[in-house]
Amino acid sequence: MKRFINLCVYSLFALLPSLAQPAGGFGGVQKQAKIETSQVWKDVNYAGDGKAYHTCDIYLPKQQKDSYPVVIHIYGSAWFNNNGKGMADIGTIVRSLLDAGYAVVCPNHRSSADAQWPAQLHDIRAVVRFVRGEAKKYHFDPSFIATSGFSSGGHLASTMATTSGMKTATVGTVTLDLEGNLGQYTDQPSNVNAACDWSGPVDLTAMDCGNHITMGENSPEDVLLKSKIDKEPDKYRSLSAVEYIDKNDPPIIIFHGEKDNVVPVCQGKKFYELLKAAGVRTEVTYPAEGGHGGPAMYTPENLQKMVRFLDSVRTGKAYSGPKEDFVPNLMNQPGQQYPMVNSEGYVRFRVVAPEAQSVVVSLGLGGRGGTKLQKGSDGVWTGTTDGPMDPGFHYYHLTIDGGVFNDPGTHNYFGSCRWESGVEIPAPDQDFYALRTDIPHGTVQEVLYYSPSQGKMQTAMVYLPPTYGKLVGKGSKAKQERFPVLYLQHGWGENETSWSRQGHAGIIMDNLIAEGKIDPFIIVMAYGLTNDVKFGTIGSFTAKEFEAVLVDELVPFIDANYLTKADKWNRAMAGLSMGGIETKLITLRRPEVFGYWGLLSGGQYAPEDIKDPKAVRMIFESCGSKENPDGIRKSVDALKAAGYNAHGFISEGTAHEFLTWRRSLREMAPMLFK
């Protein structure tokens, strides 16, 4: 492909949100990215001149501290855009940095239409000085400031590193003022401690890296320099980060995709080799499927590499791999040592398959095949996840030479419409679902009932509290206590066993009862027929079949065969994910049956959905902080404003997974039947 075409695409990706790759640059999709912060300042003018192109957005991590190390992340735009800070990889790079405890500053800078090079470098240097000058106000730790950037932002981040500590430079016939005089903090140094280069051009004299691709007219660098390379080659050298490399440069990490058709991967490779030759500490990753931004570049493992690199520079401690404190997974079968987990959340696998050619575990951070195991000389395959997993329960399976199998080391759990292997990452708050030996325990029964609407027997799991069936009172007045009932639904691809096995619903209930936090009640967990719902058909899903089974058949069966309080104010319905959708549809259509409603990562109610305000006594909505917490907050606020007894819960640090729903049950249970 000709260089001219490449550079036009380079510009278009930056300028047109509709063409932006999903996770890279500053595409329009990034406006909707969800991040967790403790404080945010928007449109702060770092130069003090009132210009929009000299403003920045400041994000502080959710965990509140006195001060935070800082990363300045710069958007990509082929230097054409002067207002891209609001879409600067917010949902990928910025979120990962915030989650790791870094304050992130996303600045605007002058475009090539506003000013010639090196004005853009002056802008970023002014940002660094601003960070130091306003450290106390914005809780910055000025002892560590790094730059990061994508595409042309990567160029600026890299040039900030290779010119760090330099005030002026002479490149051939060109002498540059590298510092500028923007802002009120010109007395502050503008050096940086590290840099992250994501797909940045670093040698503007040879974007083709010597392959002699035909030059195009009016490339982004031509516009920025107001020149042509054949007329003023030294200007193009002065724009190149590689021109300033020396042994005193701060550490730099490089990410450049092998399939980048905008800024060729040879740019990243040349940068790495020159840094390495100069003795600069550097690391590099060339994602095989990586383009110019996009999911193959911003994989969780690459984002983890970025964070680890910055952490190691900041602390002076090189990353030496996961801690070797691995212990057998809690979900393992008796006597099985693997898989193992460590205190950081890494998982290590061991599979005996001497004749196999490939073994891959679906569990992993990459989203592109999971964790690839390596074969030893003894025919045993081993491997460790590229990074820590979220705490809680995770499904996984093995793919051996293309065939899908379960891991013989673990128990199996029904998920994804099949029995899957399971691994448990210890959570910091795991005590609430831990199996205790010092308290009474209830039972979980498997019951069979006939469904006329289905024309077959159905299965449900029923949790009975420890006091179920015992006499209450004395002498002739003693009688068996009756209990309220929660109908609790699983998600898509799961079944009636999921809440009791993966969700530990019975254990959570036992612990809450023993601690006096709830009055005992029964939980009924039915097969919700959700495995018959195909992905992409949710818009037409009505849950009418399950409504007939649940309301007209199962509820009467439970009331006839168990010690229940058989009225709506002693019945609740809740569900996770697909079960939440079922809950919403059924409770709105049959409000005479259930008096308490709960959606766990299963959508939200709106006041206009509910025809009778007296139909429900309590509404509970929840999700993980990595899902859609803003949607939950807005829904709960609207319900409260309309007079409903509504409660929301956000599970910190989790996504669409069972730790979110275990925590949700713990929070919801004390609110039921009040």
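As the structure is a prediction and not an experimental result, all values here were calculated from the model.
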Exercise. Quick one: side-chain hydrogen bond (donor to acceptor under 3.5 Å, both in side chains) partners of Thr163, sequence neighbours excluded?
Worked result: Arg125

For this session: Report, as yes or no, whether the 6.0 Å neighbourhood of atom CG on Asp66 holds more than 12 heavy atoms from other residues, nucleotides or ligands.
Result: no

Exercise. Asn193 versus Pro250: any side-chain heavy-atom pair under 4.5 Å?
Worked result: no

Exercise. Would Asp637 and Lys640 pass as an ion pair if we require N to O under 4.0 Å?
Worked result: no

Exercise. Closest approach of Pro201 and Ser151, non-hydrogen atoms and distance?
Worked result: CD-O, 3.3 Å

Exercise. Pairs in or reaching into residues 143-152: which pass salt bridge (charged side-chain N to carboxylate O under 4.0 Å, His left out), with residues at least two apart or in two chains?
Worked result: none

Problem set entry | Residues that Glu627 engages under side-chain hydrogen bond (donor to acceptor under 3.5 Å, both in side chains), provided they are two or more places apart | Ser601, His656

Problem set entry | Full working for salt bridge (charged side-chain N to carboxylate O under 4.0 Å, His left out) between Lys269 and Glu258 | CA-CA 10 Å; Lys269 292 182 176 180; Glu258 291 280 4; 3.4 Å; yes

Exercise. Do other residues, nucleotides or ligands put more than 12 heavy atoms under 6.0 Å from Gln39 CD?
Worked result: yes

Exercise. Charged N to carboxylate O below 4.0 Å: is that the case for Lys323 and Glu344?
Worked result: no

Problem set entry | Arg308 with Asp311: basic N within carboxylate O range, under 4.0 Å | no

For this session: Could you verify whether a donor N or O on one side chain and an acceptor N or O on the other, from Glu36 and Ser625, lie under 3.5 Å apart?
Result: no

Problem set entry | Pairing residues for Thr162 by the side-chain hydrogen bond (donor to acceptor under 3.5 Å, both in side chains) criterion, not counting sequence neighbours | none

Exercise. Sequence neighbours excluded, which residues qualify as ring-ring contact (aromatic ring centres under 6.0 Å, His included) partners of Tyr59?
Worked result: none

For this session: Return yes if some donor-acceptor pair links the side-chain N/O of Asp203 with the main-chain N/O of Ser240 below 3.5 Å, else return no.
Result: no

Exercise. Around atom CG of Asn181, are there more than 12 heavy atoms of other residues, nucleotides or ligands at under 6.0 Å?
Worked result: no

Output a table of donor-acceptor pairs, distance under 3.5 Å, between side-chain atoms of residues 275-283 and any protein atom two or more places apart or on a different chain; print 'none' if there are none.
from	atom 1	to	atom 2	distance (Å)
Arg281	NH2	Ser312	OG	2.6
Thr282	OG1	Ile252	O	2.9

Exercise. Should we say atom NZ of Lys51 is surrounded by more than 12 heavy atoms from elsewhere, each under 6.0 Å from it?
Worked result: no

Exercise. Do the ring planes of Trp41 and Tyr138 sit parallel (below 30°), tilted (30 to 60°) or perpendicular (above 60°)?
Worked result: perpendicular

Exercise. Would you call the rings of His292 and Phe150 parallel, tilted or perpendicular if under 30° counts as parallel and over 60° as perpendicular?
Worked result: tilted

For this session: In plain terms, say whether Arg663 and Glu657 are close enough for a salt bridge, that is, a side-chain N and a carboxylate O under 4.0 Å apart.
Result: no

